[in-house]
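Down below is the structure, laid out as structure tokens.
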Amino acid sequence: MSIFPTKVLLATDGSGDAELAATTAASLAKTTGSELHVVHVWRPVPYVRFDALIRQEMRREAQEILDAQVKKIEGLGATVAEVHLREGDASEEITALAAEIGVGLAAVGSRGRGRIRRLLMGSVSDAVVRHAHCPVVVARWKPISFPARILLATDGSEEATLATQTATDLGQRTGSELHVVHVGEILPTHFPDRLGYRALYEEDEREARQLLETQIEKMKA
């Protein structure tokens, strides 16, 4: 059963990598007919006491970041269904919102703005990948436009099966080219063959190839 069309949640802080995630999310939403939501999470500097005016200014700046990102997305021809401005820990708020509104896929940038924020955004994207209830796209280097080439890495585990289902669905819905890789661990072959290493090597290679072919058959089904 396909997860598309679904709700796609873009988490942004206005950084360069967040804009890559925005382009990717917009393309994905348009291609799959999905509903696009955008969230920006702001957080006051800890251990500093703010009066109401300073807090109001920080919230205003956060809203401007969110509005600017939405404007750029709409400039790409995508429609934003709803925007969300949240306060608190970024990864916690993103994962909580994704669960609240029933998101099928989330998109984040791999790094944030500035040296410190890049480190923070890195930890945010890592945390979202670990804790989100749905698949997560982490954008880096360049935006993804669909159709694209998708590489599925599988080891036959339960988590890999979930990845297989998601990649297959995404490939079908976006008309993308799907590649599959399995990396098997095999013994070195430079030992004397009298020790039987050649037979072990061939058996390991056979099992690895069988696992890969089994995954491919599941995808075709």
Please report the C-alpha distance between Lys71 and Glu74 in whole Å, then the side-chain angles of each, then the deciding distance to 0.1 Å, and finally whether the salt bridge (charged side-chain N to carboxylate O under 4.0 Å, His left out) criterion is met.
CA-CA 5 Å; Lys71 187 175 181 179; Glu74 291 175 342; over 6 Å; no
Search all heavy atoms of [X] against all heavy atoms of [Y] and return the closest pair with its distance.
{"X": "Ala208", "Y": "Gly184", "result": "CB-CA, 4.2 Å"}
{"X": "Thr12", "Y": "Ala18", "result": "OG1-CB, 3.5 Å"}
{"X": "Arg140", "Y": "Ser110", "result": "CB-OG, 3.6 Å"}
{"X": "Trp42", "Y": "Met58", "result": "CZ3-CB, 3.8 Å"}
{"X": "Ala26", "Y": "Ala78", "result": "CB-CB, 3.8 Å"}
{"X": "Cys134", "Y": "Ala106", "result": "SG-N, 4.0 Å"}

Is there a path of hydrophobic side-chain contacts, each under 4.5 Å between heavy atoms, that joins [X] and [Y]?
{"X": "Leu20", "Y": "Val128", "answer": "no"}
{"X": "Val137", "Y": "Trp141", "answer": "no"}
{"X": "Tyr201", "Y": "Leu211", "answer": "no"}

Side-chain contact test, heavy atoms from C-beta onward, threshold under 4.5 Å: evaluate it for [X] versus [Y] and give yes or no.
{"X": "Val124", "Y": "Val108", "value": "no"}
{"X": "Asp13", "Y": "Ile65", "value": "no"}
{"X": "Leu9", "Y": "Leu97", "value": "yes"}
{"X": "Val180", "Y": "Met219", "value": "yes"}

Check against side-chain contact (heavy atoms from CB on, under 4.5 Å), Ile150 and Leu170
CA-CA 9 Å; Ile150 300 174; Leu170 186 60; 3.9 Å; yes
Keeping the roles fixed (side chain from [X], backbone from [Y]), state whether a donor-acceptor pair exists under 3.5 Å.
{"X": "Thr24", "Y": "Ile144", "answer": "yes"}
{"X": "Lys30", "Y": "Leu76", "answer": "yes"}
{"X": "Ser27", "Y": "Phe146", "answer": "yes"}
{"X": "Ser176", "Y": "Gly171", "answer": "no"}
{"X": "Thr95", "Y": "Glu92", "answer": "yes"}
{"X": "His133", "Y": "Gly104", "answer": "no"}
{"X": "Lys7", "Y": "Ile101", "answer": "yes"}
{"X": "Ser34", "Y": "Thr6", "answer": "yes"}

Looking just at side-chain N and O atoms, do Ser15 and Asp17 make a donor-acceptor pair shorter than 3.5 Å?
no
Without hydrogens or angle criteria, can the side chains of Gln63 and Asp67 be said to hold a donor-acceptor pair below 3.5 Å?
yes
Greater than 12 external heavy atoms within 6.0 Å of Glu100's CD
yes
Should we count CZ of Arg149 as having more than 12 external heavy atoms under 6.0 Å?
no
Taking NZ, NE, NH1 and NH2 as the nitrogens, is one of them in Arg43 or Glu87 under 4.0 Å from a carboxylate oxygen of the other?
no
Pair Leu178-Thr168, side-chain contact (heavy atoms from CB on, under 4.5 Å): steps then yes or no:
CA-CA 8 Å; Leu178 193 58; Thr168 303; 4.3 Å; yes
Identified side-chain contact (heavy atoms from CB on, under 4.5 Å) partner of Arg86 from the options Val41, Leu66, Ile94:
Val41
The test is side-chain contact (heavy atoms from CB on, under 4.5 Å); show your working for Gln69 and His40 and say whether it passes.
CA-CA 9 Å; Gln69 193 66 75; His40 173 60; over 6 Å; no
Output all residues satisfying side-chain hydrogen bond (donor to acceptor under 3.5 Å, both in side chains) with Arg130, sequence neighbours left out; order by chain, then residue number.
none
Go through it in stages, so that I can follow the logic: the residues are Arg206 and Glu203, the test is side-chain contact (heavy atoms from CB on, under 4.5 Å), and I'd like the CA-CA distance, side-chain angles, deciding distance and then a yes or no.
CA-CA 5 Å; Arg206 185 190 65 79; Glu203 177 64 16; 2.7 Å; yes
Output the distance between atom CD (Gln165) and atom OG1 (Thr161), rounded to the nearest 0.5 Å.
7.0 Å
